[in-house]
Amino acid sequence: MKNIVVLVSGGGTNLQALIDAEKSGIIKNGKITCVISSNPEAYALKRAELNGIETAVIRRRDYERFEDYDRSLTELINSKSADLVVLAGFMTILGHEVISAFENRIINIHPALIPSFCGEGFYGLHVHEAALKKGVKVSGATAHFVNEIWDGGPIIIQKAVEVKYGDTPEVLQKRIMEEAEWKILPEAVSLFCQDKIKVIDNIAVISE
Ligand code: GRF
């Protein structure tokens, strides 16, 4: 059974999808053992508490130097014996130490089809605003491993979602969450926990 540590900052709907997927058996061979938040007010922490999951808070602003924050976050995750780290709306940049300590063991969910609408500045509603401005007819979500390139790690699963004329960023965000993010993030986590993902030359290869 693999230990999953989930990093959050906000509402935590993706965390909820993971909790529900663990309960219903969609996540095989994995257990969420701790939820770490960058924000003590995050509702995601409440979701964890309601489900009896241990929580911790680490704030970037409590550290003057980024390197010290990076080291503390790495130590905190290590202290929870994490096999897998999941970024479920974690709004703080990860540093070299944590990324190298968990190479191909950190999964992020991005609310667009990478390599579209990704990279620096593409977070939250900005992603959907850019997609609508471009007039794309499909967008979607991507579950991927995290490396030192922003949204540049190996892609594990993607799911397309229709963009409709008249969508607002909020409407599109909600449709992408419901139809894609909340499905593919637990699926990617389950594949990882069953050792079904191999990374070959920066490509994630999924075995049946
Ligand atoms: C999601 O849109 C996710 O794709 C992005 O951050 C948002 C988190 O939402 N990385 P929630 O906190 O899971 O509700």
Side-chain angles (χ1 to χ4, degrees), residues 4-23 26-27 32 34-51 53 55-60 73 84-94 98-99 102 106-132 136 138-147 149-163 167-189 192:
I4 305 164
V5 170
V6 185
L7 272 53
V8 297
S9 300
T13 61
N14 279 285
L15 169 66
Q16 191 66 54
L18 291 169
I19 293 170
D20 295 346
E22 184 189 322
K23 283 191 182 155
I26 290 171
I27 295 178
I32 303 168
C34 186
V35 170
I36 298 175
S37 178
S38 63
N39 164 18
E41 307 299 327
Y43 186 69
L45 286 172
K46 183 87 187 150
R47 294 182 193 269
E49 281 157 21
L50 287 170
N51 286 279
I53 302 167
T55 62
V57 173
I58 180 165
R59 295 194 305 179
R60 169 68 187 91
L73 179 61
L84 171 67
V85 179
V86 180
L87 308 185
F90 189 62
M91 300 301 284
T92 308
I93 292 167
L94 295 187
V98 70
I99 291 174
F102 291 92
I106 306 175
I107 294 178
N108 181 48
I109 182 75
H110 182 74
L113 296 173
I114 290 174
S116 290
F117 312 115
C118 66
E120 203 166 346
F122 285 97
Y123 62 90
L125 285 173
H126 299 302
V127 177
H128 308 295
E129 279 160 11
L132 291 173
V136 292
V138 289
S139 188
T142 304
H144 65 96
F145 284 122
V146 173
N147 64 13
I149 303 162
W150 209 307
D151 295 326
I155 291 169
I156 304 167
I157 308 181
Q158 296 187 293
K159 189 164 191 288
V161 173
E162 190 187 354
V163 180
D167 276 351
T168 62
E170 290 80 4
V171 166
L172 182 58
Q173 179 183 52
K174 184 165 178 280
R175 189 180 310 121
I176 289 176
M177 281 180 154
E178 288 172 352
E179 293 183 13
E181 293 181 42
W182 300 343
K183 294 190 172 129
I184 66 171
L185 183 59
E187 282 171 23
V189 166
F192 179 93

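Just so you know, ligand 1 is whichever comes first in the structure, and atom 1 is the first atom listed for that ligand.
- Checked options T13, L185, I109; the residue passing with M177 is T13 (criterion: side-chain contact (heavy atoms from CB on, under 4.5 Å)).
- In E170, the CD atom is crowded: over 12 heavy atoms of neighbouring residues, nucleotides or ligands sit closer than 6.0 Å.
- Shortest contact from atom 7 (C) of ligand 1 to any protein heavy atom: G89 CA, 4.1 Å.
- Annotation: T13 places an N or O atom under 3.5 Å from an N or O atom of ligand 1; distance criterion only.
- Close N/O approach between E181 and ligand 1 is found [any backbone or side-chain N/O within under 3.5 Å].
- Between the side chain of T142 and the backbone N or O of A112 there is at least one donor-acceptor pair closer than 3.5 Å.
- For L125, the CG atom counts as densely surrounded, since its 6.0 Å shell holds more than 12 non-hydrogen atoms of other residues, nucleotides or ligands.
- Considering backbone and side-chain N/O atoms, M177 never comes within less than 3.5 Å of an N/O atom of ligand 1.
- Among all protein heavy atoms, the one lying closest to atom 10 (N) of ligand 1 is I109 O, 3.0 Å.
- Between H110 and ligand 1, a contact under 3.5 Å exists for no N or O pair.
- Close approach of ligand 1 to P111 is summarised as follows: ligand atoms under 4.0 Å from at least one heavy atom of the residue are 4 (O).
- Salt bridge annotation for E187-K183: absent, with no cationic side-chain nitrogen under 4.0 angstrom from a carboxylate oxygen.
- For the pair G12 and ligand 1, the shortest N or O to N or O distance falls below 3.5 Å.
- One finds the CG atom of L18 at 11.5 Å from the CG atom of N51 (value rounded to the nearest 0.5 Å).
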